[in-house]
Protein chains: 2
Amino acid sequence: MTISKTNRLSLVEQVVSQIESLIESGEWKIGNQIPPEMDLIQQFDVSRNTLREAVRSLVYAGLLVTKQGKGTFVRSSSALGAAFERRIQQSSLLETLEVRHALEREGAQLAALRRNQEDIEQLRFHITACSKAAEAKDIKAYEEADIKLHKSIMGSSHNDLLIDLYEHMEHSLHESIHQIVEMSSDVNFHLNIHCKLVDAIIEQDVNRAIETVNEYIAQFKKSIE
Amino acid sequence: MTISKTNRLSLVEQVVSQIESLIESGEWKIGNQIPPEMDLIQQFDVSRNTLREAVRSLVYAGLLVTKQGKGTFVRSSSALGAAFERRIQQSSLLETLEVRHALEREGAQLAALRRNQEDIEQLRFHITACSKAAEAKDIKAYEEADIKLHKSIMGSSHNDLLIDLYEHMEHSLHESIHQIVEMSSDVNFHLNIHCKLVDAIIEQDVNRAIETVNEYIAQFKKSIE
DNA sequence: AATGAACCAATCATCCTACAAATTTGAGGT
DNA sequence: ACCTCAAATTTGTAGGATGATTGGTTCATT
């Protein structure tokens with residue numbers, strides 16, 4: 001016995017797979033509207049039910065989003081995001097922060113090792129934006145710039161899986177950054193630590209980069225106790 | 001403005017949500033068969049299409065699995081698993097290893113801080129199992145014991161989100177552990193490092209725990225270069 | 001010309017019936 | 001006891017009909 005068990009893919013699974021390919025290959029670009037159901041029914045040569053089950057699966061996974069009366073649009077090219085965000089919502093702030101610590105520490109370490117000239121320019125640009133926003137006391141702008149800086153650091157790690165995971169903690173990031181900026185009346189302290197981190201990454205000082213991440217995560221932790 | 005945008009949930013989304021609750025609450029246990037479509041149609045008072053779209057979404061997410069002619073069964077209680085595994089499959093071994101590093105470093109740190117008496121017993125049990133398997137030169141048993149040890153360490157962190165993420169790297173874990181055990185003819189070195197890590201966690205020596213993780217991950221990295 | 005009401009077209013959402021395919025069950029014959 | 005095959009159960013696929021939402025068009029009123 002023990003012949004291949006799940007050898008046959010259902011029609012729905014085949015359609016799902018094809019749509020995934022279309023999205024990943026960039027043929028269906030993020031933000032764009034995909035053809036209406038009727039067209040896809042003909043394109044894939046399946047019934048409406050089959051197509052809808054496939055599309056609905058990808059909507060749940062976060063790759064597509066449907067808007068009644070308007071159409072269906074490509075939302076993301078990775079199914080990891082929606083699941084991760086859903087899971088994060090069920091977690092405490094502390095748990096999420098610790099996972100952030102895990103990802104940011106690794107990200108900072110790798111960034112210090114691998115950052116190239118382009119990364120350095122990006123980092124300098126975003127840290128300058130943070131600085132300006134802090135000077136102008138524009139809290140909202142500071143938060144925005146801070147998030148972009150964090151993403152830019154993560155991007156300098158050149159590890160797509162890590163980047164992907166971090167990307168989808170953005171909502172949680174917003175929350176915690178907002179909280180910390182509100183609580184600590186001293187934005188400059190926050191800014192200083194980030195400067196230190198960017199310096200360490202640019203100078204490829206791995207240990208200092210890691211220690212700096214540890215430092216500001218510890219600060220966060222204290223503030224939510 | 002900022003009036004509620006997506007205030008209305010579609011029927012399918014409502015059914016999905018209800019099924020998720022049934023699974024998470026344990027009312028539908030993992031491995032068990034769920035009621036047939038016809039029963040669910042009556043239970044949720046929706047059409048077959050609507051119900052099927054909901055079920056199909058959860059199948060894609062990895063929570064359910066359907067078998068034509070037999071029924072639908074609960075596969076997992078977390079949607080993160082399937083998405084994460086799918087994403088990992090597209091990643092290189094190096095990328096995955098670095099994410100493992102991120103999670104294991106954080107896990108070890110938190111374990112050293114939070115391990116309780118029960119954790120200590122678990123850790124001792126699994127490290128002993130590793131030891132015995134190494135003595136008996138039973139590679140397969142060693143790999144099994146090693147994975148259980150790693151999970152046990154992660155469990156000692158008492159961070160459910162971290163545990164959940166790590167849980168679903170198991171397949172990747174298998175691969176890399178197999179590879180490292182095969183390559184390094186010296187299993188004792190591998191075992192020793194793990195003993196050191198467990199010791200550090202039991203003694204609540206945070207820095208040594210982190211350094212030990214760094215040490216064996218660096219070893220892994222060398223081996224796949 | 002500006003406004004707004006009524007209408008229309010496109011698109012997704014839901015429901016319905018029917019049949020196909022896979023699996024299990026059980027009746028009936030040997 | 002064993003085999004055969006039909007029936008029942010369950011998921012898979014097809015196709016049609018109607019409702020709901022959105023966006024745009026037309027057109028009369030001001």
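Labels below follow one simple rule: chain letters A, B, ... track the order of the sequence lines, proteins then strands, and each chain is numbered from 1.
- Around the CG atom of Asp39(A), the shell of radius 6.0 Å holds more than 12 heavy atoms that belong to other residues, nucleotides or ligands.
- Take Ser152(A) and apply the side-chain hydrogen bond (donor to acceptor under 3.5 Å, both in side chains) test, not counting sequence neighbours, and it matches no residue.
- Between Tyr216(A) and His194(A), the ring-plane angle classifies as parallel under the 30° and 60° cut-offs.
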Nucleic acid footprint by protein, nucleotides 4-15 of chain D - heavy-atom cut-off 4.0 Å, B for base, S for sugar-phosphate alone: ------BBBBBB
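- As a whole-Å value, the separation of Phe73(A) CZ from dT21(D) P is 17 Å.
- Here side-chain hydrogen bond (donor to acceptor under 3.5 Å, both in side chains) pairs that include residues 119-135 of chain B, with residues two or more places apart or in two chains, are Asp119(B)-His158(B).
- Between the side chain of Glu37(A) and the backbone N or O of Arg52(A), no donor-acceptor pair lies under 3.5 Å.
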